[in-house]
Amino acid sequence: MPAGFKYDLKPMEVTREMCRIDTIQRLSGGVVFEDSDVPTGTPIMPLTPLTVDLVTRKAKAVKNVRVVEKVHTSKVRVAKYSLAFVGMFLSDGTTTVKVNAIDKSDADYDLLTVSVPLTAEAGAVLFETATSDGKTAKNAANMLNYATFKVGEKEPLTPIYRAFEVCESKLYAPIAEVDKATLTDRFFFIP
């Protein structure tokens with residue numbers, strides 16, 4: 001390899017401001033991220049919903065997806081940065097589907113192939129369920145992630161236990177209505 005400098009000319013994505021920064025309250029000491037469904041190297045983006053066990057100091061990601069285009073088929077376009085994986089079950093509270101395949105080749109969205117046709121409006125949030133006939137969330141958020149964290153890093157993940165004016169339209173990972181209930185009034189959401 002010749003001597004010299006190596007340049008990375010790919011533009012870096014700027015992290016957008018998703019809430020009032022001055023209202024953020026972080027959990028001291030951080031937590032260990034343990035979630036076998038999220039591969040090593042996957043980024044956990046800021047304000048991703050988390051389930052945090054304060055006794056064991058361990059966290060899992062809450063795997064919600066946002067539908068980006070009205071759908072009436074078994075091909076569902078979802079926003080990038082979702083933590084969806086093949087074999088998981090997603091529900092809108094009425095219909096539950098299994099994710100059979102994921103195509104991440106498009107720059108604007110990920111394409112999920114699901115087990116049965118799904119009807120959903122653009123902007124709908126689907127949540128993970130534990131079973132193929134589940135209608136309730138497998139995990140519900142009690143905190144949100146503070147900063148981008150790559151799975152497998154040795155550094156602890158830092159959860160947020162309070163933030164206001166969380167702008168839902170700017171979030172990388174959507175927050176389902178069930179998560180809002182478990183996040184309580186420690187978080188205030190705006191469209």
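Atoms considered below: every heavy atom in the structure, side chains included; atoms not considered: hydrogens, waters and symmetry mates. Everything numeric here is computed off the predicted structure, so don't read it as measured data.
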* Got Thr136 and Val178 here, is their nearest side-chain heavy-atom distance under 4.5 Å? -> no
- [ ] Report yes or no: does Asp103 contribute a side-chain atom to a donor-acceptor pair with the main-chain N or O of Leu111 at less than 3.5 Å?
- [x] no
Worksheet item: So, do Val31 and Asp53 sit near enough that their side-chain heavy atoms are less than 4.5 Å apart?
Response: no
Closest non-hydrogen atoms of Val65 and Ser82, given as atom of the first, atom of the second and distance, are CG1-CB, 3.6 Å
Rounded to the nearest 0.5 angstrom, the NZ-CG distance for Lys104 and Leu112 is 9.0 Å
**Message:** Are Ile160 and Leu47 packed together at the side-chain level, in the sense that at least one heavy-atom pair is separated by less than 4.5 angstrom?
**Reply:** yes
- Query: Quick check: does any side chain N or O of Arg57 sit under 3.5 Å from a backbone N or O of Gly30, one acting as donor and the other as acceptor?
  - Reply: yes
- Do you reckon Leu157 sits in the same ILVMFWY cluster as Tyr81, going by side-chain contacts under 4.5 Å, direct or chained? no
| query | Thinking salt bridges, do Asp110 and Lys80 make one under a 4.0 Å N-O criterion? | reply | yes
- Message: Are Val76 and Met88 connected into the same hydrophobic cluster when the rule is that any two of I, L, V, M, F, W, Y join if their side-chain heavy atoms are below 4.5 Å apart?
- Response: yes
For this session: Apply side chain to side chain contact (heavy atoms under 4.5 Å, CB included) to the pair Asp185 and Arg162, showing each step before the final yes or no.
Result: CA-CA 9 Å; Asp185 63 357; Arg162 186 184 113 174; over 6 Å; no
Any side-chain heavy atom of Leu144 sitting closer than 4.5 Å to one from Phe187? yes
- Message: Quick check against the 3.5 Å criterion: does Asn145 have a side-chain atom that pairs as donor or acceptor with the backbone of Met45?
- Response: yes
Rounded to the nearest 0.5 Å, the CG atom of Leu27 sits from the CG atom of Leu54 at a distance of 6.0 Å
Correct closest heavy-atom pair for Pro174 and Pro49 would be O-CG, 3.7 Å
Tightest non-hydrogen contact, residues Phe89 and Thr96, listed as CB-CG2, 4.1 Å
For this session: Report the C-alpha separation of Ile175 and Leu183 in whole Å, then their side-chain angles, then the decisive distance to 0.1 Å, and conclude whether the side chain to side chain contact (heavy atoms under 4.5 Å, CB included) test is met.
Result: CA-CA 10 Å; Ile175 297 174; Leu183 288 167; 4.1 Å; yes
Between Thr48 and Ala173 the two heavy atoms that sit nearest each other are OG1-CB, 3.6 Å
Checklist entry - Can you find a heavy atom in the side chain of Pro117 that is under 4.5 Å from one in the side chain of Thr73? => result no
### Query
Under 3.5 Å, is there a donor-acceptor pair between the side chain of Thr113 and the main chain of Lys75?
no
**Request:** With Lys180 as the cation and Phe189 as the aromatic partner, state whether NZ or CZ is under 6.0 Å from the six-membered ring centre and within 45° of the axis.
**Result:** yes
Query raised in the report: Hey, is the main chain of Asn142 close enough, under 3.5 Å, to the side chain of Arg186 for a donor-acceptor pair?
Result: yes
- prompt: Are Thr129 and Lys138 close enough that a side-chain donor and a side-chain acceptor fall under 3.5 Å?
  reply: no
Whether Lys135 side chain and Thr94 backbone form a donor-acceptor pair below 3.5 Å: yes
Between Thr182 (side chain) and Ala141 (backbone), is there a donor-acceptor pair under 3.5 Å?
yes
Mind checking whether Pro46 and Tyr146 have side chains closer than 4.5 Å, heavy atoms only?
no
One should read off an interatomic distance between Tyr172 OH and Thr148 OG1, to the nearest 0.5 angstrom, of 6.5 Å
Please check this pair: side chain of Asn139 against backbone of Val62, looking for a donor-acceptor N/O pair closer than 3.5 Å.
no
Q. Quick one: is the NZ or CZ of Arg20 closer than 6.0 Å to the six-membered ring centre of Phe164, and within 45° of its axis?
A. no
CD1 (Ile44) and CG (Leu83) are apart, to the nearest 0.5 Å, by 4.5 Å
dist Phe33:CZ -> Glu153:CD (nearest 0.5 Å) comes out at 11.5 Å
Requested in this report: Please answer: with hydrophobic residues joined when any side-chain heavy atoms are less than 4.5 Å apart, are Ile24 and Met18 in the same cluster?
Outcome: yes
Check: In terms of hydrophobic clustering (I, L, V, M, F, W, Y; side-chain heavy atoms under 4.5 Å; direct or indirect links), are Phe188 and Ile21 co-clustered?
Finding: no
Q: Indicate yes or no: does Asp35 engage Lys63 in a salt bridge with an N to O separation below 4.0 Å.
A: yes
Per side chain to side chain contact (heavy atoms under 4.5 Å, CB included), Leu90 is matched among Val78, Val97, Thr95, Val67 by Val97
- Just by distance, do the side chain of Thr42 and the backbone of Val151 share a donor-acceptor pair under 3.5 Å? no
Here the pair of heavy atoms bringing Tyr161 nearest to Arg26 is CE2-O, 3.3 Å
Exercise. Does the side chain of Ile190 reach to within under 4.5 Å of the side chain of Val166, using non-hydrogen atoms?
Worked result: no
Between Asn100 and Val86, the two heavy atoms sitting closest are O-CG1, 3.5 Å
Distance col, row Lys60:NZ vs Glu128:CD, nearest 0.5 angstrom, shows 9.0 Å
